[in-house]
Amino acid sequence: MTDPADETAHHLTRNAVEALPEGALERQLREGRPLRVKLGIDPTAPDIHLGHTVVLRKLREFQDLGHTVVLIIGDYTARVGDPSGRSVTRPMLSGEEVDANAETFQRQAFKVLDPGRTEVRRNSEWLAMAMEELFGLARTCTVAQILERDDFARRQEAREPISILELLYPLLQGYDSVKVGADVEIGGTDQKFNILLARDIQQTYGVPPQSVLTMPILPGVDGVQRMSKSARNYVGVTEPPDEVFGKLMRVPDGAMDTFYDLLLDEPLDTSRPAVESKRGMARGLTARLHGEDAARAAEEHFDRLHVQREAPEQIDEFAVQAENGIVHLPALLRDAFGISASEGRRLLPQGGVRLNGEPLEEGELDLPATRLDGAVVQVGKRRFRRILVLGNSG
RNA sequence: GGCGGGAUGUCCGAGUGGUUAAAGGAGACCGGCUGUAAACCGGUUGGCUAAGCCUACGCAGGUUCGAAUCCUGCUCCCGCCA
């Protein structure tokens with residue numbers, strides 16, 4: 001009970017889903033040496049979002065205890081495409097895309113990880129192997145073993161295609177663990193199969209099997225689907241503070257407890273009003289990514305726009321050319337806000353376009369330049385432009 | 001090698017000769033409400049200086065007054081049997 005290794009393990013696994021096999025992490029910690037903790041990421045999308053930081057933060061905890069993180073940039077496996085949680089074969093990426101993404105990912109990961117205790121490796125180092133070696137690796141598992149994985153099983157059941165390349169993916173990931181000598185591998189619950197299979201592969205190659213730590217999957221700002229770039233429900237770690245704050249304020253109330261558990265250091269206090277908790281969350285996470293000052297400014301900006309319904313303190317200017325003293329509104333909206341002119345026309349009758357705070361009417365397609373010059377045009381609640389009229393001929 | 005299924009708008013998915021710019025859903029957007037960009041309610045959702053015009057249902061032709069829908073060829077995808 002009082003064994004410090006047990007306590008450490010207990011702490012490290014507190015918000016994890018599973019730590020397998022039972023007691024393995026405790027035994028490793030008891031050895032007293034720095035453990036090699038592996039995280040493999042596929043640079044299929046360059047930007048890190050809060051969902052990634054759940055796992056990254058866990059790695060950081062290991063680092064703070066003196067352990068080493070081995071961050072594997074899956075530049076080779078990215079070309080295969082991890083089928084985990086996917087119902088469709090992923091598209092392949094070109095070498096250049098992978099390189100660019102890997103570079104960005106690594107830089108952003110160090111917003112959370114301690115670079116001093118991180119070893120970055122690319123799996124092309126060892127996966128660009130000879131056929132013979134690949135044959136050897138391919139011999140380590142049976143098809144039945146791989147098809148056991150639930151998403152493969154589901155696809156098989158639904159008569160959906162599974163490529164051989166995809167079947168190979170878990171093997172390649174397992175081989176990564178062999179090559180870097182991983183003691184522990186961390187991943188989302190969707191990675192459980194792959195991480196466990198890696199143990200078998202390690203043993204086949206005669207190295208000690210890693211232990212497994214799976215973390216819950218963070219939902220996106222929609223509160224439903226997992227946070228991912230493709231679902232466009234993510235909060236990127238490099239997004240501007242105003243965006244981070246605003247996006248977090250629209251997380252559904254019901255998903256807040258998960259966000260608190262996985263991202264914040266204290267649990268959600270359900271006795272507080274939801275808005276307060278949400279503000280606390282938005283403030284805390286914005287501060288973590290951008291600092292306290294930026295978080296405070298972002299909150300003020302949010303209040304100004306959504307509570308007081310005023311224009312922001314800083315508005316981008318947009319210059320427009322008048323014709324005969326007249327500016328055509330749909331064209332202006334198109335150029336100034338990046339929407340189509342048709343969309344602009346539609347927004348007018350909905351009251352979605354305001355001039356200095358006053359809604360414009362459906363018929364007002366052409367406005368005199370004098371009325372627009374220096375005025376603030378607003379689309380919806382959050383898009384503003386100050387208009388400057390140039391070359392007012394006629 | 002044989003047999004069968006499929007390709008529709010951002011995505012999913014109806015539609016099998018004409019009120020079809022194309023049902024429905026998701027998403028997104030706008031509005032109302034609100035201590036939240038939550039929830040809830042209502043609306044919009046191809047483009048275009050626009051009562052009209054243009055583009056669109058894998059590609060290329062054809063039939064027809066008229067095609068996403070019928071015919072021919074092609075490309076790509078998938079499943080089953082061997």
Side-chain angles (χ1 to χ4, degrees), chain A residues 86-91 154-164 166 219-225 227-235 239-260 268 270 272-286 298-310 312 320-335 337-354 357-367 377-384:
Chain A
R86 282 266 162 169
S87 52
V88 193
T89 308
R90 280 192 180 178
R154 212 174 308 124
R155 282 163 67 179
Q156 183 84 330
E157 183 67 25
R159 314 222 141 142
E160 279 164 5
I162 300 169
S163 76
I164 292 194
E166 292 176 273
V221 292
D222 56 1
V224 183
Q225 282 185 277
M227 185 174 282
S228 76
K229 185 142 199 183
S230 52
R232 286 180 312 204
N233 61 359
Y234 69 100
V235 181
E239 285 190 80
D242 291 350
E243 278 297 303
V244 173
F245 193 94
K247 280 187 177 182
L248 288 167
M249 282 306 283
R250 80 167 172 187
V251 169
D253 294 356
M256 258 199 296
D257 57 337
T258 312
F259 274 74
Y260 265 84
L268 173 66
T270 47
R272 288 168 77 199
V275 203
E276 268 180 44
S277 302
K278 204 175 288 180
R279 274 176 182 276
M281 170 177 93
R283 200 183 301 132
L285 293 176
T286 308
E299 184 165 13
E300 278 165 25
H301 177 260
F302 181 86
D303 283 341
R304 203 179 159 89
L305 253 66
H306 299 288
V307 179
Q308 290 147 37
R309 303 230 173 170
E310 289 172 11
V320 67
Q321 192 81 35
E323 264 181 60
N324 300 320
I326 296 225
V327 174
H328 187 61
L329 209 46
L332 173 67
L333 294 174
R334 179 191 60 212
D335 298 335
F337 295 96
I339 61 180
S340 76
S342 297
E343 190 178 353
R345 280 170 188 268
R346 276 185 237 118
L347 287 171
L348 282 167
Q350 300 187 339
V353 182
R354 290 166 200 267
E358 294 300 313
L360 287 168
E361 315 246 323
E362 183 166 11
E364 301 187 90
L365 293 181
D366 297 284
L367 293 180
V377 172
Q378 174 184 0
V379 170
K381 292 190 172 101
R382 6 176 343 223
R383 287 173 283 183
F384 297 85

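Source: prediction; values computed, not measured. Below, read A as the first sequence line, B as the second, and so on, with proteins coming before strands; counting in each chain starts at 1.
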Problem - Heavy-atom closest contact (A:Lys247 atom, A:Val235 atom, distance) - result: CB-CG2, 3.9 Å
Handout entry: Span that lies between the P atom of B:rG5 and that of B:rC71, in whole angstrom
Key = 13 Å
Exercise for the section: Using the P atom on both, measure B:rU75 against B:rA60 and round to a whole Å. Expected result: 15 Å
Problem - Closest non-hydrogen atom pair, A:Arg345 against A:Leu365 - result: NH1-CD1, 3.4 Å
Practice task
Determine, for nucleotides 31-36 of chain B in 5'-to-3' order, which nucleotides have protein heavy atoms under 4.0 Å from the base (write B), from only the sugar-phosphate (write S), or from neither (write -).
Solution key: SSBBBB
Output a table of donor-acceptor pairs, distance under 3.5 Å, between side-chain atoms of residues 273-283 of chain A and any protein atom two or more places apart or on a different chain; print 'none' if there are none.
{"from": "A:Lys278", "atom 1": "NZ", "to": "A:Val251", "atom 2": "O", "distance (Å)": "2.7"}
{"from": "A:Lys278", "atom 1": "NZ", "to": "A:Asp253", "atom 2": "OD1", "distance (Å)": "2.5"}
{"from": "A:Arg279", "atom 1": "NH1", "to": "A:Glu299", "atom 2": "OE2", "distance (Å)": "2.8"}
{"from": "A:Arg279", "atom 1": "NH1", "to": "A:Asp303", "atom 2": "OD1", "distance (Å)": "3.2"}
{"from": "A:Arg279", "atom 1": "NH2", "to": "A:Asp303", "atom 2": "OD1", "distance (Å)": "2.6"}
{"from": "A:Arg283", "atom 1": "NE", "to": "A:Glu299", "atom 2": "OE1", "distance (Å)": "2.8"}
{"from": "A:Arg283", "atom 1": "NH2", "to": "A:Glu299", "atom 2": "OE2", "distance (Å)": "3.2"}

Practice task
Using the P atom on both, measure B:rG32 against B:rG25 and round to a whole Å.
Solution key: 24 Å
Practice task
Starting from P on B:rC30, measure out to CG on A:Leu333 and report it in whole angstrom.
Solution key: 13 Å
Exercise for the section: Take atom C1' in B:rG2 and the same atom in B:rU8, then report the distance between them in whole Å. Expected result: 30 Å
Problem - Span that lies between the P atom of B:rG47 and that of B:rA22, in whole angstrom - result: 13 Å
Handout entry: Separation of A:Phe384 CZ from A:Arg354 CZ (nearest 0.5 Å)
Key = 9.0 Å
Practice task
Could you pull out the closest heavy-atom pair between A:Ser228 and A:Asn233, with the gap in Å?
Solution key: N-OD1, 3.0 Å
Completion exercise
A correct 5'-to-3' footprint of nucleotides 47-54 of chain B, with B, S and - meaning base, sugar-phosphate only and no protein heavy atom under 4.0 Å, is SBBB----
Problem - Atom C1', compared across B:rC53 and B:rA21: separation rounded to whole Å - result: 13 Å
Handout entry: A:Arg346 and A:Ser342, any side-chain heavy atoms less than 4.5 Å apart
Key = yes
Practice task
Could you tell me whether A:Asp303 contacts a base, only the sugar-phosphate backbone, or nothing, with contacts defined as non-hydrogen atoms closer than 4.0 Å?
Solution key: nothing
Problem - Exercise: identify the closest heavy-atom pair between A:Asp366 and A:His328 - result: OD1-ND1, 2.8 Å
Exercise for the section: Quickly work out the A:Gln156 CD to B:rC80 C1' distance and round it to whole Å. Expected result: 12 Å
Fill in the blank from the handout: With both pairing distances under 3.5 angstrom for Watson-Crick or G-U wobble, and | for a partner in another strand, the correct string for RNA chain B is ((((((((.[[[..)..(.....]]]((((((.......))))))(((...)))...[[[[[..)....]]]]]))))))).
Practice task
Using a cut-off of 6.0 Å, state whether more than 12 heavy atoms not belonging to A:Glu361 lie near its atom CD.
Solution key: no
Exercise for the section: Could you list the residues that satisfy ring-ring contact (aromatic ring centres under 6.0 Å, His included) with A:Phe302, not counting sequence neighbours? Expected result: A:Phe245, A:His306
Handout entry: B:rA68 versus B:rU55 - spacing of their P atoms, nearest Å
Key = 13 Å
Practice task
Run through A:Val377, A:Leu329, A:Leu332, A:Ile326 and flag the one making a side chain to side chain contact (heavy atoms under 4.5 Å, CB included) with A:Leu367.
Solution key: A:Leu329
Fill in the blank from the handout: Interatomic distance, CD@A:Gln156 vs CZ@A:Arg154, rounded to 0.5 Å, equals 13.0 Å
Practice task
Determine the minimum heavy-atom distance between A:Ile339 and A:Leu333, stating which atoms define it.
Solution key: CG1-O, 3.7 Å
Exercise for the section: Would you mind classifying the nucleic acid contact of A:Arg383 as base, sugar-phosphate or nothing, using non-hydrogen atoms under 4.0 angstrom? Expected result: sugar-phosphate
Practice task
Would you mind reporting whether A:Leu348 and A:Glu364 have side-chain heavy atoms less than 4.5 Å apart?
Solution key: no
Problem - Gap between atoms CG and C1', on A:Asn233 and B:rG27 respectively (whole Å) - result: 11 Å
Exercise for the section: Take the protein atom CD of A:Gln225 and the nucleotide atom C1' of B:rG27, then report the distance between them rounded to whole Å. Expected result: 9 Å
Shorter than 3.5 Å, N or O on both sides, protein versus nucleotides 3-13 of chain B: list them out with atom names.
none

Practice task
Can you tell me, in whole Å, how much space there is between the P of B:rG66 and that of B:rU19?
Solution key: 15 Å
Practice task
Determine the minimum heavy-atom distance between A:Arg155 and A:Pro161, stating which atoms define it.
Solution key: NH2-O, 2.8 Å
